[in-house]
K.L.:
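For reference, the structure I am asking about is given below.
A, B, ... follow the sequence lines: proteins, then strands. Residue 1 opens every chain.
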Amino acid sequence: MPELPEVEIVKRSLVKTINKAKIVDIKIQNKKLRYVISKDICKYLINQQIIKISRRSKYLIFHFKTNFLLVHLGMTGKFLVMRKIDNTLFKTSFYYDLNILPKHNHIYFTLNNGLSLIYNDVRKFGFIKCYKNSDLNKITFLKKLGVEPLSNSFNNKYFKKIIKNKKKNIKNLLMDQTFVSGLGNIYVNEVLFLTKINPIRVCSSLNTKEVNRLIVNIKSILRLSIAEGGSSIKDFKHTSGKNGKFQQFFAVYGKENKNCSRISCKGKIKKILISSRSSFFCNICQN
DNA sequence: AGGCATGTTACAGG
DNA sequence: ACCTGTAACATGCC
């Protein structure tokens, strides 16, 4: 579920359905996620109104009057919004229909607008933590994040400064959340293909033109994916009922041994491991 | 049975 | 200090 476009889609869906709602009850079914869910959540958030929902990188933030909730979806974290009638939950349009098992529902928020917000996470790599608003600028998770890829701070000047004398490969740099925050394995693979740059290219070897194209392509792929409702989630729907369908546009991710999709290229998509993560590239146009 | 999976972190070693 | 690789977390699917 979790790269920047998917988190942004979840945020927008939540804004449409539960923003301004008040939490009337919280049930923690299983507190063992990546970090143990603290009881503080109940203590500080019951009877509080959700004032705002925002996104930073792949993190979601629910803002309340005196506290905020920081959420990371890990690999398989999902938010379900369901209608609650006579204590029974019913699906709403904002619901991932496939393979959502209630046994992976870990926390239930009952809201005052007839809806319930449920955090479901198969692998439990996600987390939910509650903080005081006054601590917002002290949160390590957020402090160490690099620039947002869609912001103006992610520009040629910033990029060139960082890669100067940098010996690591470009794929690992783009995956590094302290450099640019929000890209993950899928989008990094797609961006490098679109830019015709080999994933193991040493950062310092990139010229100005390549850096420019890389930045432009990162922004356009992320924007396109958001416009298409995100990707990588089967049967994902947001409040408008639209499905995420960016996975249809994947050119290299998961395409090992397929022909390169560039019309004039006779290459094949190869798969290699870089820092233990699958990396896909065309053996000709990303020489 | 074994390998792999959209993420992050800790640690070992070069 | 920087970089890489590996393992770990927990579960499901090929």
Side-chain angles (χ1 to χ4, degrees), chain A residues 1-10 29-37 55-60 70-79 96 98-106 119-129 139-146 149 162-192 199-205 221-222 225-226 228-236 244-257 271-280:
Chain A
M1 164 97 257
E3 298 180 48
L4 188 151
E6 292 75 42
V7 179
E8 176 64 21
I9 293 298
V10 171
Q29 197 78 264
N30 173 8
K31 58 187 177 183
K32 292 181 83 173
L33 298 183
R34 177 167 139 204
Y35 305 113
V36 173
I37 301 175
R55 176 192 63 74
R56 169 77 171 100
S57 181
K58 303 171 192 174
Y59 293 86
L60 286 166
L70 183 68
V71 179
H72 194 288
L73 301 173
M75 292 274 248
T76 53
K78 301 163 180 67
F79 274 114
Y96 312 76
L98 203 70
N99 296 330
I100 305 292
L101 301 180
K103 68 172 173 176
H104 301 305
N105 291 347
H106 305 306
Y119 181 73
N120 177 294
D121 191 343
V122 171
R123 292 170 72 181
K124 296 184 252 192
F125 289 169
F127 73 81
I128 295 185
K129 271 177 178 278
I139 310 301
T140 315
F141 296 111
L142 301 177
K143 266 202 309 191
K144 63 184 178 189
L145 293 175
I162 299 284
I163 66 171
K164 197 179 178 193
N165 302 322
K166 196 159 290 278
K167 293 198 178 97
K168 80 195 302 193
N169 65 61
I170 183 63
K171 192 200 170 200
N172 277 344
L173 179 70
L174 296 179
M175 294 286 283
D176 181 353
Q177 304 298 303
T178 68
F179 168 60
V180 59
S181 60
L183 296 170
N185 204 30
I186 290 176
Y187 292 100
V188 167
N189 274 294
E190 294 299 322
V191 158
L192 289 173
I200 60 169
R201 271 282 291 284
V202 171
C203 289
S204 58
S205 77
I221 281 191
L222 293 177
S225 180
I226 291 169
E228 295 294 339
S231 60
S232 40
I233 317 140
K234 288 170 184 167
D235 283 24
F236 170 73
K245 54 187 178 187
F246 189 70
Q247 61 276 10
Q248 294 170 19
F249 294 79
F250 288 175
V252 285
Y253 186 81
K255 307 283 188 189
E256 191 183 8
N257 296 325
K271 175 180 165 180
I272 58 171
L273 289 183
I274 299 175
S275 295
S276 311
R277 307 298 301 276
S278 291
S279 307
F280 302 89

K.L.:
Which part of the nucleic acid, if any, lies within contact of A:K32, taking any heavy atom under 4.0 Å across all strands shown: a base, the sugar-phosphate backbone alone, or nothing?
P.N.:
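No contact at all - A:K32 keeps every heavy atom at 4.0 Å or more from the nucleic acid.
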
K.L.:
Tell me: CD of A:Q177 to P of B:dT9, nearest whole Å?
P.N.:
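Going from CD in A:Q177 over to P in B:dT9 covers 9 Å.
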
K.L.:
How close or far is atom P of C:dT4 from atom CG of A:L173, stated in whole angstroms?
P.N.:
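From A:L173 CG to C:dT4 P: 10 Å.
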
K.L.:
Searching all strands shown, indicate the nucleotide that pairs with B:dG3 (Watson-Crick or G-U wobble; both distances under 3.5 Å).
P.N.:
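Check on B:dG3: paired to C:dC13, both distances under 3.5 Å.
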
K.L.:
Using a 4.0 Å heavy-atom cut-off, does A:N172 contact any base of the nucleic acid, only the sugar-phosphate backbone, or nothing at all?
P.N.:
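Sugar-phosphate: the residue A:N172, judged by heavy atoms under 4.0 Å, touches backbone atoms but no base.
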
K.L.:
Here's a test of your reading of the structure: between A:F141 and A:R123, which maps to the more 5' nucleotide of DNA chain B?
P.N.:
A:R123

K.L.:
Assign A:N169 to base, sugar-phosphate, or nothing according to its heavy-atom contacts below 4.0 angstrom with the strands shown.
P.N.:
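A:N169: backbone/sugar contact only, no base atoms under 4.0 Å.
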
K.L.:
Report yes if the ring of A:F125 lies under 5.5 Å from the six-membered base ring of B:dG7 with planes under 30°, and no otherwise.
P.N.:
yes

K.L.:
Can you tell me the base-pairing partner of C:dC3? Count Watson-Crick or G-U wobble geometry only, both distances below 3.5 Å, and say none if there is no partner.
P.N.:
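C:dC3 is paired with B:dG13.
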
K.L.:
When the distance from NZ of A:K166 to C1' of C:dA1 is rounded to whole Å, what number comes out?
P.N.:
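Interatomic distance, NZ of A:K166 to C1' of C:dA1: 10 Å.
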
K.L.:
Think A:N185 has a side-chain N or O under 4.0 angstrom from the OP1 or OP2 of B:dG7?
P.N.:
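The answer is no; no side-chain N or O of A:N185 sits under 4.0 Å from OP1 or OP2.
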
K.L.:
Does the side chain of A:K58 get closer than 4.0 angstrom to OP1 or OP2 of B:dG7 through an N or O atom?
P.N.:
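Indeed, a polar side-chain atom of A:K58 lies that close.
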
